[in-house]
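One structure is given here, and the rest of the page talks about it.
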Amino acid sequence: MLRKLASFFVTFFIRALVGGTLIFFINHYMLPDQTSLNVGINAASLVTSGALGVPGVCLLYSILIFQNL
């Protein structure tokens, strides 16, 4: 039981770390400087990327694109 819980937290933090770095690199290197499509790196975005992984990052960007339509 304790091993499963530890495994869950380790994978969650790895996914959150990968998601946060992916958001950082997309914001700084792939999008133009004066765009409104930058996802902020905060607790909500890290929890989303930690729970869903890379599809969570795609979800955050798709929400911003939908808002700007």
Side-chain angles (χ1 to χ4, degrees):
M1 178 75 180
L2 188 60
R3 179 170 244 140
K4 287 175 86 174
L5 187 62
S7 173
F8 171 75
F9 280 118
V10 167
T11 56
F12 180 83
F13 286 124
I14 289 173
R15 280 186 267 161
L17 181 66
V18 169
T21 55
L22 188 62
I23 290 170
F24 175 78
F25 282 115
I26 290 173
N27 283 345
H28 286 281
Y29 297 114
M30 297 187 78
L31 295 176
D33 289 335
Q34 303 298 330
T35 184
S36 62
L37 295 177
N38 289 334
V39 172
I41 300 175
N42 53 24
S45 64
L46 290 178
V47 167
T48 302
S49 67
L52 299 175
V54 176
V57 174
C58 295
L59 175 71
L60 292 171
Y61 280 103
S62 64
I63 289 171
L64 280 178
I65 290 170
F66 184 72
Q67 280 182 340
N68 288 327
L69 288 179

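Note that the numbering runs from 1 along the sequence shown for the chain.
The aromatic rings of F25 and Y29 lie parallel to each other, their planes meeting at an angle below 30°, with 60° marking the opposite boundary.
With hydrogens and angles disregarded, no donor-acceptor distance shorter than 3.5 Å links the side chain of S49 to the backbone of V57. Remark: the backbone N or O of V54 is not paired with any side-chain donor or acceptor of R15 at under 3.5 angstrom. A distance-only check finds no donor-acceptor pair linking the side chain of N27 to the backbone of G40 [under 3.5 Å].
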Determine all donor-acceptor pairs shorter than 3.5 Å in which one atom belongs to a side chain in residues 1-14; sequence neighbours excluded.
residue: T11; atom: OG1; partner: S7; partner atom: O; Å: 3.1
residue: T11; atom: OG1; partner: F8; partner atom: O; Å: 2.9

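Put simply, L31 and L22 are part of the same group of oily side chains (I, L, V, M, F, W, Y) that touch within less than 4.5 Å, one to the next. Under the 4.5 Å side-chain heavy-atom criterion for grouping Ile, Leu, Val, Met, Phe, Trp and Tyr, I41 is connected to L37 within one hydrophobic cluster. Under the 4.5 Å side-chain contact rule for hydrophobic residues, F24 and I26 share a cluster.
In this structure, L60 and S45 approach most closely via the heavy-atom pair CD1-CB, 3.7 Å. Of all heavy-atom pairs spanning I23 and Y61, the tightest one is O-OH, 3.5 Å.
Summarising the geometry, atom CG belonging to L64 is positioned 10.0 Å from atom CG belonging to L59; distances are rounded to the nearest 0.5 Å.
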